[in-house]
Amino acid sequence: MRFSPGLSTSLTGYYLKNALQRRKRFPFVLMLEPTHRCNLACAGCDRIRLYSKEHSADLSLDECLGAVLESGAPVVTVTGGEPLLYGHLKELLAGLIRLKKHIYLCTNGLLSASFVDEYAPHGRLTLNFHVDGLEGTHDRVSGKPGSFEAVMEGLRLAKKRGFRVWTNTSIYRWTDTAEMIDLFSLLKEERVDGILVSPAFGYESVSDDIFLRKEEVAEKFGQLRARLRGLPMTGTPLYFDFLEGKGQMECMPWGSPTRNPFGWKSPCYLITDTYYRSFSELMERTRWEAYGPGRDGRCRDCMVHSGFEPAAMGECFSDPRKMLRMFLWNLG
Ligand code: SF4
């Protein structure tokens, strides 16, 4: 199965509970960034730019767990920066497991060997390795020769030690789709449990002309999708339809709120108009209706999964046919 039975049950129960309470907006995934520090400086990443400008301190363990309790989201993506640099990572993961959260721990793989030596696998924990292409491409994007070999070694070792392993790939304007198919086939040979692919995040602060326009996303993902059969892709079929330009979807930025050392980021993972001190302030004070394609020029080309996968999930829960499609897809 692409999503474990435990995760599918948690998400369904959580959705039904919120629907019964008639809550209009609620988060599925908390994007938790305990640190902005990183041991790479990838093209296309705005956190490293933020950190070099602001030198933010890491979140404390209490702040991290407080954010998890405040949001109530059943899934927590621990990201950054490079979260393996976070000093309280072990305590944080233990706390998340105690709170019965499903955890996606993102990493660039450079430090994962020592992590998997010191930490035991858990059914609620997935390691999510960022891989942006085969060796030449990945090393160029990450700016560090040898980083592809390091991430591949990291994920092999994690699989060997019994961890559930996903990978995450960003598609840029320069991305060659044939190379991506070769990469995903290689990852399948390495027995990774899931492959996530998404248009690279078009951060405001990254001025380089490297991000895809909407029409280019449809073209690239159309080419890709035709060749993904048999690969353990984890993007939902509704989201892939959307990427291919088949149908519209409303952005739901509240579906994946971000908590980082500056506060609760408003409105979304990509745009920072302000920070709030609490999750309730974020939900109450953000003018959600002002954001999304057609409403804010910065959203024009955005098809990022953190904004639109929650929308895909919402659609599937509200339409039995879409739910059935999702169920069959999840069976693999
Ligand atoms: S469409 Fe949504 S996720 Fe994308 S930039 Fe706009 S508000 Fe953020």
Side-chain angles (χ1 to χ4, degrees), residues 24-33 36 43-50 67 71 73 75-77 79-80 104 106 128 130 168-173 196-218 220-221 234-236 238-260 262-276 279 281-316:
K24 202 168 146 206
R25 297 188 180 105
F26 49 88
F28 285 101
V29 180
L30 169 64
M31 307 295 285
L32 183 63
E33 300 177 339
H36 281 155
C45 174
D46 92 329
R47 299 310 196 260
I48 191 76
R49 288 165 174 79
L50 259 184
S71 81
V75 179
V76 179
T77 293
T79 180
Y104 289 84
C106 299
N128 193 354
H130 197 89
N168 180 20
T169 300
S170 303
I171 304 290
Y172 293 90
R173 187 169 268 173
L196 187 65
V197 58
S198 162
F201 299 167
Y203 292 113
E204 277 185 289
S205 63
V206 181
S207 54
D208 306 352
D209 194 18
I210 57 177
F211 302 114
L212 294 164
R213 306 238 175 280
K214 205 166 225 168
E215 309 71 42
E216 295 169 322
V217 172
K220 278 234 197 275
F221 276 82
T234 53
T236 63
L238 297 180
Y239 179 57
F240 264 93
D241 285 353
F242 171 66
L243 291 176
E244 272 194 88
K246 297 175 184 164
Q248 291 301 311
M249 227 182 248
E250 288 288 317
C251 167
M252 290 190 180
W254 59 85
S256 309
T258 303
R259 173 69 163 104
N260 70 26
F262 299 120
W264 289 91
K265 197 172 179 303
S266 172
C268 68
Y269 199 67
L270 304 185
I271 299 178
T272 310
D273 281 345
T274 191
Y275 285 99
Y276 291 109
F279 176 70
E281 258 189 286
L282 168 81
M283 295 302 277
E284 283 158 22
R285 295 184 56 189
T286 301
R287 291 184 54 241
W288 301 111
E289 62 289 352
Y291 297 100
R295 294 195 286 268
D296 186 309
R298 295 169 296 179
C299 301
R300 184 195 171 276
D301 291 310
C302 178
M303 302 179 95
V304 69
H305 58 65
S306 58
F308 292 92
E309 274 288 23
M313 231 175 279
E315 279 197 20
C316 119

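Side chains are part of it too, since the values below use all heavy atoms of this structure and drop only hydrogens, waters and symmetry mates. One-based numbering, in listed order, for ligands and for the atoms of each.
Around atom 8 (Fe) of ligand 1, the protein contributes the following N, O or S atoms at distances under 2.8 Å: C268 SG.
In this structure, Y276 has no ring pair (Phe, Tyr, Trp, His ring centres under 6.0 Å) partners at least two apart in sequence or on a different chain. Under the side chain to side chain donor-acceptor pair (under 3.5 Å) criterion, R25 pairs with no residue, sequence neighbours left out. Taking the side chain to side chain donor-acceptor pair (under 3.5 Å) definition, one finds that T286 meets it with S266, sequence neighbours left out.
Residues S306 and C268 fail the side-chain proximity criterion, which asks for heavy atoms closer than 4.5 Å.
Looking only at distances, no side-chain donor or acceptor of R213 sits under 3.5 Å from a matching main-chain atom of D301.
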What verdict does the side-chain contact (heavy atoms from CB on, under 4.5 Å) test give for M283 and W288, after you've listed the backbone C-alpha separation in whole Å, the side-chain angles of each residue and the deciding distance to 0.1 Å?
CA-CA 9 Å; M283 295 302 277; W288 301 111; 3.9 Å; yes
